[in-house]
*Asks:* 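Got a structure here, written out as structure tokens. Questions coming.
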Amino acid sequence: MGASSPSAGTAPPSGGVVTRFAPSPTGFLHIGGARTALFNWLFARHHGGEFRLRIEDTDRARSTDEAIAAILDGMRWLQLDWDGEVVYQFSRAARHAEVAHALLDAGHAYRCYATPEELEAMRETARAEKRPMRYDGRWRDRTDHPEGQPHVIRLRAPQTGEVTIEDKVQGPVTVANAELDDMVLLRSDGTPTYMLAVVVDDHDMGVTHVIRGDDHLNNAFRQLAMIRALGWAEPVYAHIPLIHGSDGAKLSKRHGALGVDAYRDQLGLLPEALENYLLRLGWGHGDDEFISREQATGWFGLEGVGRSPSRFDMKKLESVNGQYLRAADDARLGALVAPRIESAIGRSFTAEDQQMLQRSMAELKKRAPDLNSLAGSAVFYFRSRPIPMDDAALRLLAQSPPGMLAAARAALAAIDPWSVEGLEAGVKALAETRGVKLGVLAQPLRAALTGAAQSPGLFEVMAALGRDDSLGRIDDALGIDLASARGASPANETMNAERARP
RNA sequence: GGUCCCUUCGUCUAGCGGUCUAGGACGUCGCCCUUUCACGGCGAAAACACGGGUUCGAUUCCCGUAGGGAUCACCA
């Protein structure tokens, strides 16, 4: 487990807004968690307050260090910086127990000796009668406590009346106290339950606004009962709707829900794109689609958060990503894409490669929806001869009128200087003398030079490749036995083929 | 099943009683640009779940119905 932090950290600031993101480290930082974190971050920053991070690792069996690392990594990637030290909930178990015992001493809690079998029996009858399972309070008023027997500590919750939460997103939500039972605060092994831990930690950390998924809305009523018994300040609640999959059900692995690391590595997204997409999912500011972090910080408010769950749309995310990709700095893109290409071609980049890559970005980024596609579209520059041909390229070569490529090769060999203008003039002249459209010449050339059917402008490609490599690649293509090449080629391994889809 | 929540184009949303013959974006389709694919430009199809109220007037307010969702542990 990670570093311990027995105290909840810095003292609660006076008056300011304090939000928190409190994931349990039982898996990666998923998309819903990322959005919750983003909303909390934005709300805190908007109000000039604090945004804290707490790892809820009280479930010892399911919490892992890998998950903690993944969550922190994801937060950093999304640039959701938190204030103060990370609070590890497990390390605060003693404080949680202390509060539970204070509640016990004050008569707001009691010891319950019901056995697991008794509880299971209660569950059975509840099921049979189609009622929700509720602890029947059999130890609530008993004083004949068996000495030394295992027991839990339960909250003595109000049984009549009702509670209303003025939720900032959901509005006022009222539930009858009769619907709630006496929840367990301290387990029989003395460890705190989640219900106890959140309340105590939120209080000790000075959290003023609890912004979380609305799967916690029901919990809020029970937590409020505890807060009131303790006489602590009640936080403002805002329960945001969950993100659903395309079928409308809560997003899960079944929908290919991935950790944010996968959005970065496998899907090749830019963090600002994911952030923008997540922000617009369930929140809006007029017709604005592209919102910078500065604008978001200035505009964000709980009033803008929708009350109905929204569906995750990969297509739109990709589109947003494409927009950010086109706007991104070429040097930055080159740096992000380089490792992907290096692993594809199996060698490290030289300084020259770096420059070539960076120069190619301006054109390539216009047609790439993500970093993987971008890498895939740039990789042909760095392949060593003979370069692999994909099926579409082979088809282009096969369909090209006989002699066309050879004629083009001859014309190109005579071109001087080897520049975009010179190349364009030469090839266009040849097309004219041959009486064919430019495309008839350009397509087989494109295939020969790039191994693909799509690429940036042909003349730019040739200019970048240089005379020797360009001519060499054409010679290689001329030598391909097209009759047997198709299908037998091991070469249609584009990076896109390796790209994982959610 | 109990409780709670939700319901505008396929999707994300704008709309906060009259400006709505309902706006934007993604996706889809068509056209233009063009050496390919994109990018870009132009255009099209596409929604207020249903039924009652309230009101001079409902997409906007209220109530039902239907549909969807969340939650019902000594998990978090």
Side-chain angles (χ1 to χ4, degrees), chain A residues 22-26 56-59 61-63 89 112 114 116 119-120 123 126-127 129-135 150-154 165 167 169-171 173-176 178-181 183-189 191-195 197-198 213-219 221 239 241-242 244 246 248-250 277 280-290 303 306-320 322 326 363-369 373 377 392 396 424 427-428 431 437-443 445-447 450 452-459:
Chain A
S24 53
T26 54
E56 310 220 315
D57 54 353
T58 54
D59 184 342
R62 296 197 299 151
S63 298
Q89 194 160 60
C112 167
L119 260 14
E120 189 44 46
R123 242 186 294 278
R127 248 197 302 275
E129 295 171 19
K130 299 194 170 217
R131 284 184 299 109
M133 154 63 180
R134 272 189 224 105
Y135 170 66
H151 63 276
V152 300
I153 293 181
R154 286 182 186 271
I165 288 179
D167 194 280
V169 169
Q170 306 291 340
V173 184
T174 302
V175 154
E179 298 294 332
L180 280 14
D181 64 356
M183 63 178 158
V184 174
L185 264 24
L186 224 47
R187 301 188 187 105
S188 52
D189 64 359
T191 60
T193 60
Y194 157 80
M195 289 290 183
V198 245
D214 73 4
D215 49 336
H216 287 287
L217 181 56
N218 296 286
N219 293 332
F221 295 97
H239 289 91
L242 267 16
H244 286 182
S246 49
K250 184 175 171 178
Y277 176 73
R280 286 283 293 104
L281 207 53
W283 180 83
H285 183 269
D287 283 339
D288 294 308
E289 294 288 343
F290 292 94
E303 328 75 51
R307 298 209 273 169
S308 57
S310 34
R311 302 185 186 202
F312 188 76
D313 183 358
M314 196 58 213
K315 279 287 203 310
K316 181 130 184 182
L317 210 206
E318 276 182 354
S319 164
V320 171
R326 264 161 252 140
E363 268 305 305
L364 289 169
K365 72 183 181 185
K366 284 196 280 197
R367 60 204 87 216
S373 305
S377 70
L396 279 181
E424 182 163 5
V427 175
K428 281 189 170 163
K437 285 183 153 180
L438 187 52
V440 177
L441 277 171
Q443 287 302 76
L445 272 174
R446 185 186 316 283
T450 70
Q454 310 103 41
S455 78
L458 197 54
F459 310 116

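Hydrogens, waters and symmetry mates are skipped; everything else that's a heavy atom, side chains included, is used. Numbers restart at 1 for each chain; the letters A, B, ... are given by sequence-line order, proteins then strands.
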*Asks:* Calculate the interatomic distance between A/His239 atom NE2 and B/rU3 atom P; express it in whole Å.
*Replies:* 20 Å
*Asks:* Check the pair A/Gln443, A/Lys437 against side-chain contact (heavy atoms from CB on, under 4.5 Å), reporting the backbone distance first and the verdict last.
*Replies:* CA-CA 11 Å; A/Gln443 287 302 76; A/Lys437 285 183 153 180; over 6 Å; no
*Asks:* Taking pairing as Watson-Crick or G-U wobble with both contacts under 3.5 Å, can you name the mate of B/rU60, or confirm there isn't one?
*Replies:* none
*Asks:* Please figure out whether A/His285 or A/Leu438 has its closest RNA chain B nucleotide nearer the 5' end.
*Replies:* A/His285
*Asks:* With rounding to whole Å, what would you report as the distance between B/rG18 and B/rU60 at their P atoms?
*Replies:* 12 Å
*Asks:* Using Watson-Crick or G-U wobble geometry with both distances below 3.5 Å, tell me the partner of B/rC26, or none.
*Replies:* B/rG10
*Asks:* Got a list of protein N/O to nucleotides 63-74 of chain B N/O distances below 3.5 Å?
*Replies:*
unit_1, atom_1, unit_2, atom_2, d
B/rG69, O2', A/His244, NE2, 3.3
B/rA70, OP1, A/Lys250, N, 3.4
B/rU71, OP1, A/Lys250, NZ, 2.9
B/rU71, O4', A/Asn218, ND2, 3.3
B/rC72, O2', A/Met133, O, 3.3
B/rC74, O2, A/Ser188, N, 3.0
B/rC74, O2, A/Ser188, OG, 3.1
B/rC74, N3, A/Ser188, OG, 3.1

*Asks:* Expressed in angstrom and rounded to an integer, what is the separation of A/Glu363 atom CD from B/rG40 atom C1'?
*Replies:* 13 Å
*Asks:* If the P atom of B/rA49 is compared with that of B/rG41, how far apart are they to the nearest Å?
*Replies:* 32 Å
*Asks:* Considering only the P atoms, how many Å lie between B/rC74 and B/rU65, rounded to the nearest integer?
*Replies:* 33 Å
*Asks:* Test your reading of the model: is there a side-chain donor-acceptor pair from A/Thr193 to the backbone of A/Leu185, 3.5 Å cut-off?
*Replies:* yes
*Asks:* Phosphate oxygens OP1/OP2 of B/rC75: is one of them under 4.0 Å from a side-chain N or O of A/Arg62?
*Replies:* no
*Asks:* May I ask you to decide whether A/Glu318 forms a salt bridge with A/Lys315, counting only side-chain N to carboxylate O separations under 4.0 Å?
*Replies:* no
*Asks:* Test your reading of the model: is there a side-chain donor-acceptor pair from A/Asp181 to the backbone of A/Tyr135, 3.5 Å cut-off?
*Replies:* yes
*Asks:* To the nearest 0.5 Å, tell me how far A/His239 NE2 sits from A/Arg307 CZ.
*Replies:* 14.0 Å
*Asks:* Looking at A/Phe312, is its backbone amide N or carbonyl O close enough to the side chain of A/Tyr277 to form a donor-acceptor pair, meaning the two atoms are under 3.5 Å apart?
*Replies:* no
*Asks:* Counting only Watson-Crick pairs (N1-N3 plus N6-O4 or O6-N4) and G-U wobbles (N1-O2, O6-N3), all under 3.5 Å, who is the partner of B/rC20?
*Replies:* none
*Asks:* At under 4.0 Å between heavy atoms, what does A/Leu281 touch on the DNA or RNA strands: base, sugar-phosphate, or nothing?
*Replies:* sugar-phosphate
*Asks:* Under 4.0 Å from OP1 or OP2 of B/rC75: is there any side-chain N or O of A/Thr26 that close?
*Replies:* no
*Asks:* Categorize A/Arg307 for me: base, sugar-phosphate, or nothing, with a 4.0 angstrom heavy-atom threshold over every strand shown.
*Replies:* sugar-phosphate
*Asks:* With a non-hydrogen cut-off below 4.0 angstrom, is A/Thr174 in contact with a base, only sugar-phosphate, or nothing?
*Replies:* sugar-phosphate
*Asks:* Whether the side chain of A/Arg311 engages the backbone of A/Ser246 through a donor-acceptor N/O pair (distance < 3.5 Å, no angle test) should be reported.
*Replies:* yes
*Asks:* Under the 3.5 angstrom rule, does the side chain of A/Arg187 hit a backbone N or O of A/Pro192 as a donor-acceptor pair?
*Replies:* yes
*Asks:* With P as the reference atom in both, quote the distance from B/rU21 to B/rC16 in angstrom, rounded to an integer.
*Replies:* 15 Å
*Asks:* Looking at the side chain of A/Arg367, which of B/rC6, B/rC12, B/rC37 is the nearest nucleotide?
*Replies:* B/rC37
*Asks:* Regarding A/Thr450 and A/Arg446, do their side chains bring together a donor and an acceptor under 3.5 Å, going by distance alone?
*Replies:* no
*Asks:* With both distances under 3.5 Å as the test, what is the Watson-Crick or G-U wobble partner of B/rA46?
*Replies:* none
*Asks:* Under 3.5 Å, which N/O atoms of the protein pair with N/O atoms of nucleotides 21-23 of chain B?
*Replies:*
unit_1, atom_1, unit_2, atom_2, d
B/rG23, N2, A/Asp287, OD1, 2.8

*Asks:* Classify A/Thr58 by what it touches in the nucleic acid, base, sugar-phosphate, or nothing, heavy-atom distance under 4.0 Å.
*Replies:* sugar-phosphate
*Asks:* Could you give the distance separating B/rG24 and B/rA14 at their P atoms, to the nearest angstrom?
*Replies:* 15 Å
*Asks:* When rounded to the nearest Å, what value does the distance between C1' atoms of B/rC42 and B/rU36 take?
*Replies:* 23 Å
*Asks:* Determine the Euclidean distance between corresponding C1' atoms of B/rU8 and B/rA25; express it in Å to zero decimal places.
*Replies:* 15 Å
*Asks:* If every non-hydrogen atom of A/Pro150 is compared with every non-hydrogen atom of A/Ser188, which pair is closest and at what distance?
*Replies:* CB-CB, 4.4 Å
*Asks:* Rounding to an integer number of Å, can you tell me how far A/Phe459 CZ sits from B/rU34 P?
*Replies:* 14 Å
*Asks:* Tell me which of A/Val175 and A/Lys130 sits closer to the 5' end of RNA chain B, going by the nucleotide each one is nearest to.
*Replies:* A/Lys130
*Asks:* Side chain of A/Arg127, backbone of A/Lys130: donor and acceptor closer than 3.5 Å?
*Replies:* no
*Asks:* For B/rC4, what is the paired nucleotide under Watson-Crick or G-U wobble rules, both distances under 3.5 Å?
*Replies:* B/rG69
*Asks:* Name the closest nucleotide to the A/Gln454 side chain, picking from B/rC6, B/rU35, B/rC37.
*Replies:* B/rC37
*Asks:* So A/Glu179, base contact, sugar-phosphate only, or nothing? Heavy-atom distance under 4.0 Å.
*Replies:* sugar-phosphate
*Asks:* Could you check whether A/Met183 gets within reach of a base, just the sugar-phosphate, or nothing at all, counting any heavy atom under 4.0 Å?
*Replies:* nothing
*Asks:* What's A/Pro456 touching, base or sugar-phosphate or nothing? Going by heavy atoms closer than 4.0 Å.
*Replies:* base
*Asks:* With a cut-off of less than 4.0 Å, is there a side-chain N or O of A/Ser455 near OP1 or OP2 of B/rU36?
*Replies:* no
*Asks:* Could you go through nucleotides 26-28 of chain B and list every protein N or O atom that sits under 3.5 Å from one of its N or O atoms, giving the distance for each pair?
*Replies:*
unit_1, atom_1, unit_2, atom_2, d
B/rC26, O2', A/Lys316, N, 3.3

*Asks:* Say you pick atom P in B/rC33 and the same atom in B/rC50; how far apart are they, in whole Å?
*Replies:* 43 Å
*Asks:* Looking across every strand, which nucleic acid part, if any, lies under 4.0 Å from A/Gly322 by heavy atom: base, sugar-phosphate, or nothing?
*Replies:* nothing
